[in-house]
Amino acid sequence: MKVLLSSIAKNDIRLLMRVFDAEKDNKGIDFLEELKESINEISLQSEKSQEININTMKSFPVNIHYIFENEEILFVTAIFKI
């Protein structure tokens, strides 16, 4: 499955990496690794709703907002700290 990130999501990722790095060295990298895992898990879902969905990460207080454009494309619209 192809994963696309909106420009907003890319900016959110950069900002959150800085926020988590400020809390603890290399925590931003840990966030990025778990984000990749979370997005991979989302892409494997059997139900691919074409509405905005929200997934909460396991180890970070972050919500991933996404939509399946079709069976082949997952579009991440935004990533918010909660």
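Heavy-atom basis, side chains included; hydrogens, waters and symmetry copies ignored. Since the model is a prediction, treat every value here as computed from it, not as a measurement.
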Legend entry - Spacing of CG belonging to Leu35 relative to CG belonging to Leu5, to within rounding of 0.5 Å: 8.0 Å
Show me, pair by pair, the donor-acceptor contacts under 3.5 angstrom made by side chains of residues 67-82, not counting sequence neighbours?
from: Asn70; atom 1: OD1; to: Glu72; atom 2: N; distance (Å): 2.7
from: Asn70; atom 1: OD1; to: Ile73; atom 2: N; distance (Å): 3.0
from: Thr77; atom 1: OG1; to: His65; atom 2: O; distance (Å): 3.1

Inset, instruction - Nearest 0.5 Å please: distance from the CE atom of Met1 over to the CG atom of Leu44. - result: 8.5 Å
Inset, instruction - Could you check if a side-chain atom of Asn55 sits within less than 4.5 angstrom of a side-chain atom of Asn63, using non-hydrogen atoms only? - result: no
Legend entry - Side-chain touch Tyr66/Ile52, heavy atoms, less than 4.5 angstrom: no
Legend entry - Reported OG-to-CG distance for the pair Ser6 and Asn11, which is rounded to 0.5 angstrom: 8.5 Å
Legend entry - Contacts of Lys2 that satisfy side chain to side chain donor-acceptor pair (under 3.5 Å) - sequence neighbours left out: none
Inset, instruction - Identify the residue among Glu41, Glu34, Glu37 that makes a salt bridge (Lys or Arg N to Asp or Glu O under 4.0 Å) with Lys58. - result: Glu41
Legend entry - hydrophobic_cluster_shared for Ile39 and Ile8, side chain cutoff 4.5 Å: no
Inset, instruction - Locate the shortest heavy-atom distance separating Met57 from Ser38; write the atom from each residue and the value. - result: CG-OG, 3.8 Å
Inset, instruction - Look at the side chain of Asn53 and the backbone N and O of Glu51, then say whether any donor-acceptor pair between them is shorter than 3.5 Å. - result: yes
Using distance only, find each side-chain donor-acceptor pair of residues 15-23 under 3.5 Å and give its atom names and separation, not counting sequence neighbours.
from: Asp21; atom 1: OD1; to: Asn26; atom 2: N; distance (Å): 3.3
from: Asp21; atom 1: OD1; to: Lys27; atom 2: N; distance (Å): 3.4
from: Asp21; atom 1: OD1; to: Gly28; atom 2: N; distance (Å): 2.9
from: Glu23; atom 1: OE1; to: Lys27; atom 2: NZ; distance (Å): 2.7

